[in-house]
Trainee: 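Please find one structure pasted underneath; my questions will follow.
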There are 2 protein chains.
Amino acid sequence: MKKFRPIDRMSASLPTIRRLPAYLQVVRQAEADGVVVISGTTIAQELELEPIQVRKDLAVTGIIGKPRVGYVVKDLITALEHFLRWDVTHTAVVIGAGHLGTALLGHTEFRKNGLNVIAAFDTDVAKVGKRFHGIEVFSTDELSSYLTTHGVTLVILTIPAHVAQEICTKVIEAGVKAIWNFTSIKLKVPEGQTGVLIQKEDLSSGYAVLSVRA
Amino acid sequence: MKKFRPIDRMSASLPTIRRLPAYLQVVRQAEADGVVVISGTTIAQELELEPIQVRKDLAVTGIIGKPRVGYVVKDLITALEHFLRWDVTHTAVVIGAGHLGTALLGHTEFRKNGLNVIAAFDTDVAKVGKRFHGIEVFSTDELSSYLTTHGVTLVILTIPAHVAQEICTKVIEAGVKAIWNFTSIKLKVPEGQTGVLIQKEDLSSGYAVLSVRA
DNA sequence: TAGATTGTTAATCGATTAACAATC
DNA sequence: TAGATTGTTAATCGATTAACAATC
């Protein structure tokens, strides 16, 4: 019997993609608890979502469930990790070894999701040469050459807003294709550059929801 | 001439609320640059959004624009900050003085948005009594009494997932009404408790978008 | 068999976008 | 005046939810 269906990552909506990690978290926990099969209904309950939404979302991963039973936990984890591309290693560097940057260097959860941070960069000479959580800090002067020689295509930006666009342009010129932007400004891909994706991580928007709705 | 219209925070959609901080960021920058009036079109360009979306969003803040000209920068900042309730101080504590927790303690940007972190809590006796960025770390044993005596209604959770629900329940019993949840699990409000809002801040969902779409 | 769940197709809901009159 | 922009009302689009046959 078939376990998986072909997947089409482009057809998945953004809201769906954003919910998948929560499903994976729940299903991994279930696996750790020794659960063998799990229904969409159970996952929905855990996350306070509608069962139909969970089923629709899981469908994009290509998983095939069993009516009356649910999904095989092991297969569902495989399907989710594969769809998210978390079953392969993504090599990244952190640019900006400030509070947030060093915190992210110590964030062990990333490793579980295929994200491997191999270096950090900072302009502060006092930080260069130091290691945070085992990851060495290099001078920003070496950034471009490092990215090129190591073939890094993903960078995590935790630098001050006023230098963010400059660094963004620089790393794109060095071949970076994905930028995880933790700065407070919206970064723009320079004209003529294609295939670059910038994801803004916005702490203030979550705080806005709390503060307006509370 | 009227500058503002009455506002209704409950009528604003979640996507709109989440975009407002980005507008505020742009308009504050414009003010710093000496700009006196700014059009929705200009803001839209800066954030790569549609002008109509910016106008619709700004309307919820009660700001009244001038056709042909745009919005008075000073008034727009006032309207955005007031709508977001960022013009008053929100007292909060950080629970969990690990990597992320201490990074947030040093996050000066919060202060600009009315968020005032007055204490941190941790179970690690080695951390208790220490100060991070001027904020003292207390023992988790003192958490409930501290929250009650200081009337804290907002907490920031940066603790391990396996203790998160327990602490969540505890702080709600101590009168907390808003929880900014940085843990990887979905927290639930205990039955019978009302008026509690939990906002999950999910790093992995942003990473999922990058990794699927890149 | 009875009943719970999957997965598809259709309906609904809400957010985004378009159109356009009003305005300075 | 001409033209750009606001703000309202209407249309469109896409995501969520509902309905239900298929399945074990």
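Proteins get letters first, then strands, A, B, ... in listed order; numbering begins at 1 in each. All values derive from a computational prediction rather than experimental measurement.
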Trainee: Reading DNA chain D from 5' onward, which residue's closest nucleotide shows up sooner: A/Arg55 or A/Leu14?
Mentor: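 Checking each residue's closest nucleotide, the 5'-ward one belongs to A/Leu14.
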
Trainee: In this structure, how many angstroms lie between the P atom of C/dG7 and the NZ atom of A/Lys2, rounded?
Mentor: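 Rounded to whole Å, this separation is 11 Å.
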
Trainee: Of the options C/dT5, C/dT17, D/dG7, whose atoms approach the side-chain atoms of A/Pro67 most closely?
Mentor: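 The nucleotide sitting nearest to the side chain is C/dT5.
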
Trainee: Report the nucleotide, chosen from C/dT17, D/dG7, C/dT6, that has the shortest atom-to-atom distance to any side-chain atom of B/Tyr71.
Mentor: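 Given the options C/dT17, D/dG7, C/dT6, the side chain of B/Tyr71 is closest to D/dG7.
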
Trainee: Side chains of B/Trp180 and B/Val155: does their closest heavy-atom pair fall under 4.5 Å?
Mentor: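 In short, these two side chains do not touch, never coming nearer than 4.5 Å.
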
Trainee: Closer than 4.0 Å, any side-chain N/O of B/Arg19 to the OP1 or OP2 of C/dT16?
Mentor: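 Yes, such a contact exists.
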
Trainee: Closest to the B/Ile52 side chain: D/dA22, D/dA19, C/dA18?
Mentor: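 The listed nucleotide nearest to B/Ile52's side chain is C/dA18.
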
Trainee: Using only heavy-atom distances, decide whether a donor-acceptor pair under 3.5 angstrom links the side-chain of B/Lys66 to the base of C/dT23.
Mentor: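 It does not, because no donor-acceptor pair links the side chain of B/Lys66 to the base of C/dT23 below 3.5 Å.
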
Trainee: Of the nucleotides C/dA15, D/dC24, D/dT5, which one has an atom closest to the side chain of A/Arg68?
Mentor: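 In terms of side-chain proximity for A/Arg68, the closest of C/dA15, D/dC24, D/dT5 is D/dC24.
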
Trainee: Applying a 3.5 Å limit to both distances, which nucleotide forms a Watson-Crick or G-U wobble pair with D/dT6?
Mentor: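 WC or wobble partner is C/dA21.
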
Trainee: Find the distance B/Arg18:CZ to C/dA15:P and express it as a whole number of Å.
Mentor: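 Nearest whole value for this atom pair: 14 Å.
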
Trainee: What is the distance, to the nearest angstrom, from the CG atom on B/Leu76 to the P atom on D/dT5?
Mentor: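 One finds 16 Å between P of D/dT5 and CG of B/Leu76, rounded.
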
Trainee: How long is the span from the CG atom in B/Asp202 to the CZ atom in A/Arg18, to the nearest 0.5 Å?
Mentor: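 If I round to the nearest 0.5 Å, the distance is 7.5 Å.
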
Trainee: Between atom CD in B/Glu50 and atom P in D/dC13, what is the gap in whole Å?
Mentor: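 About 14 Å, once rounded to whole Å.
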
Trainee: Mind calculating the distance between NZ (B/Lys56) and P (D/dT8) to the nearest angstrom?
Mentor: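 Distance check: B/Lys56 NZ to D/dT8 P gives 9 Å.
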
Trainee: One thing to verify: whether A/Arg55 and A/Glu50 come together as a salt bridge, which I'm taking to mean a side-chain N less than 4.0 angstrom from a carboxylate O.
Mentor: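 Salt bridge: no.
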
Trainee: Counting only side-chain heavy atoms from C-beta out, which of D/dA22, D/dT16, D/dT5 sits nearest to A/Gln53?
Mentor: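 Among D/dA22, D/dT16, D/dT5, the one nearest the side chain of A/Gln53 is D/dT16.
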
Trainee: Which one, C/dT16, C/dT5, D/dT17, comes nearest to the side chain of A/Thr41?
Mentor: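 The answer is C/dT5.
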
Trainee: Which whole-number value in Å describes the distance from B/Phe4 CZ to D/dT6 P?
Mentor: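 Result: 16 Å.
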
Trainee: For A/Thr153 and A/Gly175, work out which heavy atoms get closest and say how close.
Mentor: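 Residues A/Thr153 and A/Gly175, closest heavy atoms: CG2-O, 4.0 Å.
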
Trainee: Partner lookup for C/dA15, please. Criteria are Watson-Crick or G-U wobble with both distances under 3.5 angstrom; report none if nothing qualifies.
Mentor: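 The base-pairing partner of C/dA15, which may sit in any strand shown, is D/dT12.
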
Trainee: Looking at B/Arg5, does any N or O in its side chain come under 4.0 Å of the phosphate oxygens OP1/OP2 on D/dT8?
Mentor: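 Affirmative; the distance criterion is met.
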
Trainee: Between B/Glu48 and A/Lys186, does at least one N-O distance fall below 4.0 Å, as a salt bridge requires?
Mentor: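 A salt bridge is present here (some side-chain N lies under 4.0 Å from a carboxylate O).
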
Trainee: Could you give the CG-to-C1' distance, from A/Asp57 to D/dT17, as a whole number of Å?
Mentor: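 Result: 12 Å.
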
Trainee: Starting at CD1 of A/Ile43 and ending at C1' of C/dT6, how long is that distance when rounded to a whole Å?
Mentor: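 Atom CD1 in A/Ile43 sits about 12 Å away from atom C1' in C/dT6.
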
